[in-house]
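Remember, it's a predicted structure, so these values are computed and weren't measured experimentally. Side chains included, hydrogens not; waters and symmetry mates left out as well; all remaining heavy atoms used. To find a chain, count down the sequence lines: A is the first, B the second, and so on, and within it residues start at 1.
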Number of protein chains: 2
Amino acid sequence: MAARTTKANPIPSVWARRAREADQPALSRAAIVREAVVMLDADGVEALSMRKLGARLNAGATSLYRHVATKDELMELAVDEVFGEIAVPAADGADWRAAATEAAQSFRATALRHRWLSSVLGQAGLAYLGPNLMSFSERLAALFADAGFPEPERAIETVLSYVIGMSTTEAAWLTTVARSGESEADFIARLMPAAQQAVADHEHLAEAYAAEVVDPVALRDDKFAYGLEVVLDGLALRRPKAS
Amino acid sequence: MAARTTKANPIPSVWARRAREADQPALSRAAIVREAVVMLDADGVEALSMRKLGARLNAGATSLYRHVATKDELMELAVDEVFGEIAVPAADGADWRAAATEAAQSFRATALRHRWLSSVLGQAGLAYLGPNLMSFSERLAALFADAGFPEPERAIETVLSYVIGMSTTEAAWLTTVARSGESEADFIARLMPAAQQAVADHEHLAEAYAAEVVDPVALRDDKFAYGLEVVLDGLALRRPKAS
DNA sequence: CTCTCGATGCGCACACTGTACGCAGGGGGG
DNA sequence: CCCCCCTGCGTACAGTGTGCGCATCGAGAG
C-alpha cells in the first residue's frame, strides 16, 4: 500500500505537509550543541547519549552525525560554547587586580553552573582552538599585558591553574552532593561521623574537621577568594612597576 | 559423557590438578587494583574495561565483582593506590618552602606518570576517604601547621588547587600528544601553522605564540616551578612569623 | 572417611552505548 | 522538466557494565 511513501505521509500533499519543519528549525550544529549543554547541565556527562540527545531534538540518533563528526567533537563544541559565558573585563590598565578577580570569579561561576566542564577539561585540556576559548585567552592576555607583566602567559597560566584546580574540586564535590539528593548542609551532616572516624588517628586532619560547617556556600566562596588573593599577591610581587 | 565435570577437567584427579592456582595468586582486590593501574597507565581511562581487565588476570569479567562492588569503586581504589606514590616530606619546621615544593613536585610527577588521574579527579574529586589520600592530606596538614600557618587547610587548598590545575592541564596535553604518536616537539611543530592561523587576529595571543619551542619538557618544568613560586610567595606573606 | 557449607569463579543475558552504512525523500540548479 | 545533492533515518555491529544462578573447591563438622 502506498508504494511511494515509506511511512511518514500516507497521502502526498495533505493538510500538514512538512508541518514539523515549520516549528522546529530542523537540525543544526548550533541547536545540537545548545541542547547537549542543557542535557549535560541537567544530568551530567554520563547521561548524555547520542540517542537521548537525538530524541530530545525529535531526531534519530544517527541524524546528528550529519552535523557533528563524533561525540568527542560534540563535547569540544559544548566546551567552547560554555567558555563563551565567561566574562573577562577589558583591560583598563588601572585596576588589574579587580579585573583579574572578576575574570576568575566568572570562570568559577561558569564551572559551577556547568559541573561537567571540569571533568571534560581533565580529559581534553585547553588544547581546543575554539573561537570562544580563543577570545577568552586573548582577553586574559590583554589584561595581564596591560597590567605591565613582562610575560603575561606565565601569569595567566598560574592564576588559571589555581582557578581550574579549585573549580574542579568544587564541581566534583557538588556533583557528589547532588547525587545524594540532599542539601549540601544535610549531606555534610550525614557525612561527618564517617569522616571523623576516618580521620581519627590523623591529628592535624582531625583538628581541621572539628569545626562545624554552618554555611557551606559562603565557606566555599571564602576559600576560593582566599586562594585567589594569595595567587594575586604572588603575582603582584612580580609586576615591574610595583617594586 | 562425564556428567560430573562441565568442561575444565575431562577426568578428575589427573596430572595437573589445579596447576593454574599454583602460579597465579588467584584473584584479590590488591591484584585487581594493581593491574587496573597498569592498564590505565598504558592505554588511558577509556581503554579499561572489566572484560579486558579480567582477561589480563586470567579471569572472567564478572569474577572481578567478587572483590570489587562496581567499576566506579575500582576507580576509587586506583586513585587511592597512586596517591600512595606521592611523597610529602615530614614537617621539620625549618624550611617549609622546600618541603612544600617537594610535595608539589611529587604530586605533579605522579599525575604525569598516571595521566588518567586528573580526569578521574575531575569526575569524583578528593571526596574519597581512602587511606593513602588520608595520610597524604595529614602529612600536608602537618607540614603547613608546623610552618606556623594559623589555618593550614587554607594554605593546603590553595597550593593543591594550583598543583591540580596545572597538572590536569599538562596531563591532558600530554595525552593529546601521546595519541598523535609523535614526540612532543614534532607534534608542536606540526600544530604551529594551524595554531598561528587560529590566533592571527588576536594580537596578544599571536605574540605569545610567536616564540619557538626548543625544549618542551624543560619549558613545562619551568612554568610549573614559576607558578608554584608565585603561590608560595603569596602564602609566605600570610605566615605570621614573616611579617 | 563423608557431608555440608561458604566463598569463589564464570557463562549467559540484558539494556545500553557510539557509530558505519546504505537507502529514501525533498529542495535547488541545469 | 529532470537530476543531484543534502539531510534524516533504520538497521546493524561490536562493545560496555553488571545481575543472576550454577559449578567448583577448600575447610571444618560429625
Peer 1: With a 6.0 Å cut-off on the ring centroids, do F224(B) and Y162(B) count as close?
Peer 2: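 Ring centroids of F224(B) and Y162(B) are less than 6.0 Å from each other.
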
Peer 1: With the threshold set at under 4.0 Å for non-hydrogen atoms, list the residues of residues 61-71 of chain B touching DNA chain D in residue-number order.
Peer 2: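 Here the set is T62(B), Y65(B), R66(B), T70(B), K71(B).
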
Peer 1: Show me the pairs that pass side chain to side chain donor-acceptor pair (under 3.5 Å) and involve residues 71-81 of chain A, at least two apart or across chains.
Peer 2: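 Matches after skipping sequence neighbours: R29(A)-E73(A).
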
Peer 1: From CE of M50(A) over to P of dG8(D), roughly how many Å is that when rounded to an integer?
Peer 2: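 Those two atoms, CE and P, are 13 Å apart.
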
Peer 1: May I ask you to check whether over 12 heavy atoms, not counting those of E46(B), lie within 6.0 Å of atom CD?
Peer 2: yes

Peer 1: Can you check the I32(B) CD1 to dT18(D) C1' distance for me, whole Å?
Peer 2: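 Rounded to whole Å, this separation is 14 Å.
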
Peer 1: Can you list every side chain to side chain donor-acceptor pair (under 3.5 Å) pair that touches residues 190-204 of chain A, not counting sequence neighbours?
Peer 2: E182(A)-R190(A), H204(A)-E138(B)

Peer 1: Does OH belonging to Y209(B) count more than 12 external heavy atoms closer than 6.0 Å?
Peer 2: no

Peer 1: Give a yes or no on whether the backbone of I164(B) and the side-chain of S167(B) come within a donor-acceptor separation of less than 3.5 Å.
Peer 2: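 Not a single qualifying donor-acceptor pair exists.
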
Peer 1: Can you tell me how far P of dG9(C) sits from CZ of R29(B), to the nearest Å?
Peer 2: 13 Å

Peer 1: Looking at R51(B) and dG15(D), is any side-chain donor or acceptor paired with a base atom of the opposite kind under 3.5 Å?
Peer 2: no

Peer 1: K52(A) has an atom NZ; how far is it from atom P of dC16(C), in whole Å?
Peer 2: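 Going from NZ in K52(A) over to P in dC16(C) covers 8 Å.
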
Peer 1: Any donor-acceptor pair under 3.5 Å linking the side chain of S63(A) with the backbone of A59(A)?
Peer 2: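 Not at all, since once roles are kept as given, no pair shorter than 3.5 Å links the two residues.
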
Peer 1: Whole angstrom is fine here: how far is it from CG in N58(A) over to C1' in dG8(D)?
Peer 2: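 Taking atom C1' of dG8(D) as the reference, CG of N58(A) is at 13 Å.
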
Peer 1: For DNA chain C, what residues of residues 35-49 of chain A have any heavy atom nearer than 4.0 Å?
Peer 2: L48(A), S49(A)

Peer 1: So, does R139(A) use its side chain to make a donor-acceptor pair with the main chain of V88(A) at under 3.5 Å?
Peer 2: yes

Peer 1: Is the F107(A) ring parallel, tilted or perpendicular to the F83(A) ring (thresholds 30°, 60°)?
Peer 2: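 Aromatic pair F107(A)/F83(A) classed perpendicular.
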
Peer 1: CG of D72(B) versus C1' of dT18(D): gap in Å, rounded?
Peer 2: 12 Å

Peer 1: Which angle, to the nearest 10 degrees, lies between the helix axes at the two ends of the helix from dC1(C)-dG30(D) to dG30(C)-dC1(D), each defined by five pairs?
Peer 2: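 Rounded value for the end-axis angle: 10°.
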
Peer 1: For R220(B), is there an ion pair with E184(B) - N to carboxylate O distance below 4.0 angstrom?
Peer 2: yes

Peer 1: Kindly state each residue pair satisfying side chain to side chain donor-acceptor pair (under 3.5 Å) with at least one member in residues 102-117 of chain A, sequence neighbours excluded.
Peer 2: D41(A)-H114(A), D41(A)-W116(A), E85(A)-R113(A), E85(A)-H114(A), R108(A)-E170(A), R108(A)-D221(A), T110(A)-R113(A)

